[in-house]
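Everything on this sheet refers to the single structure shown next.
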Amino acid sequence: MRKLLLNLLLLIAVLAIAFFAFAPRYFDSTNNALDGKPLEAVSEEAKALHSTLTIVDLHSDTLLWQRSVLEPVEYGHMDLQRLQEGNVALQVFSSVTKTPTGQNYDNNSADGDNVTLLVIGQLQPVRTWTSLLERSLWHATKRDRAVKESGSVFASVNDGSDLESLLTDREAGAKDRTGALLSIEGLHNLEGKAENLDVLYDAGFRMAGLTHFFDNELAGSMHGEEKGGLTPFGRDIVEAMEAKGMIVDIAHLSKKATAEVLTMATRPVVSSHGGVQATCDVNRNLTDEEIIGLAKTGGVIGVGYWEGAVCDTSPAAIVKAMKHIRDLVGIEHVALGSDYDGTITARFDTSGLVHVTNELLKQGFIEEEIRAIMGENAIRVIRKGLKPASELKQSISTEEAVE
Ligand SMILES: [Zn+2]
């Protein structure tokens with residue numbers, strides 16, 4: 001009997017070790033895949049132009065996973081080495097804190113949560129097992145540690161001066177420097193408390209989507225049960241974000257809440273990752289009316305590279321969505337929003353971004369337009385978005401005074 005018990009305990013221990021050692025990496029590598037479909041050869045012209053671009057990607061979920069951004073791995077979509085190979089100047093890293101069980105695009109309740117199992121499996125600090133706020137703070141810590149360990153090759157972008165020094169360094173030839181800006185995928189991590197916005201801001205978060213896959217205290221999600229508008233709490237938080245200098249992201253937001261955010265916004269709004277309904281009729285993608293509303297705020301739409309965003313994974317499908325936005329509201333509203341490592345399947349990882357440049361050239365976009373799409377538009381929005389409202393008013397009145 002005693003021997004049986006010992007064997008049983010041994011078996012449990014072996015299974016537990018196997019789970020903690022292999023499961024997180026297994027989930028990461030199978031959920032963040034490449035489809036292996038063919039890619040066209042890249043022209044010399046595209047390679048040359050790509051190496052001179054300032055590239056910004058508005059959305060990656062790499063911080064969710066166990067690995068450090070500094071660790072070069074053969075799976076997933078992104079690490080520092082691949083960001084450098086892709087010539088990425090600034091990457092926005094999002095914090096995912098809760099995803100519903102049975103996650104889908106149509107209807108999810110807020111009850112289940114896959115992330116809990118993941119954070120335990122990844123042996124994250126115990127405080128992150130139950131608190132959504134702590135999960136985001138852990139993601140900020142992960143970024144900050146990577147910055148420190150990289151000797152600032154990987155650089156935090158928390159304010160305008162961080163952004164300008166990153167751009168100046170790269171201009172001066174330090175092309176290996178990649179900036180990292182923190183964002184949030186769903187403000188349920190506030191845990192219903194407005195004061196937690198300050199906690200998140202102080203940890204370095206500068207952009208946030210109000211909802212993810214389920215309705216929360218702030219608003220309805222496009223994938224929630226009710227899909228309602230902004231709550232009074234949600235309105236307060238949008239105002240507080242604009243006042244502090246945090247960029248509002250409408251990705252995943254319900255149609256009703258999107259319309260309300262676009263009406264009340266006094267700052268450029270982003271759609272950090274997704275597509276447009278005109279080229280890919282999926283509920284999460286933007287209607288023409290929404291694209292026009294977002295453009296009026298001066299914002300950008302980060303076009304994604306996966307099936308749910310552009311109905312294919314080819315560079316041609318990505319550029320088709322970009323072309324639609326350009327033709328509807330102008331080139332200055334088009335940007336990149338990969339959703340890399342966000343449990344999506346893509347055709348190329350971040351080291352292969354030259355395929356977007358290649359396709360843009362092939363489809364007749366001129367150099368100036370390509371520079372705008374690949375990063376300059378996003379830089380404009382981030383530069384403005386990071387300024388606290390008080391500073392922004394000052395700079396506007398100075399500009400007016402100069403005129
Ligand atoms: Zn997302």
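Order of appearance sets the numbers: ligands from 1, and atoms from 1 within every ligand.
- Using modelled atom types, one side-chain atom of Asn216 and one backbone atom of Ala219 make a donor-acceptor pair closer than 3.5 Å.
- When distances to the Zn ion (ligand 1) are checked against a cut-off of 2.8 Å, His252 contributes an N, O or S atom below that limit.
- Taking the six-membered ring for Trp, Phe93 and His139 have ring centres at least 6.0 Å apart.
- Restricting Glu185 to its N/O/S atoms, the shortest distance to the Zn ion (ligand 1) is reached by OE2.
- Cation-pi geometry between Arg206 and Tyr201 is met: under 6.0 angstrom from the ring centre, within 45 degrees of the axis.
- When distances to the Zn ion (ligand 1) are checked against a cut-off of 2.8 Å, His59 contributes no N, O or S atom below that limit.
- For Glu71, the CD atom counts as densely surrounded, since its 6.0 Å shell holds more than 12 non-hydrogen atoms of other residues, nucleotides or ligands.
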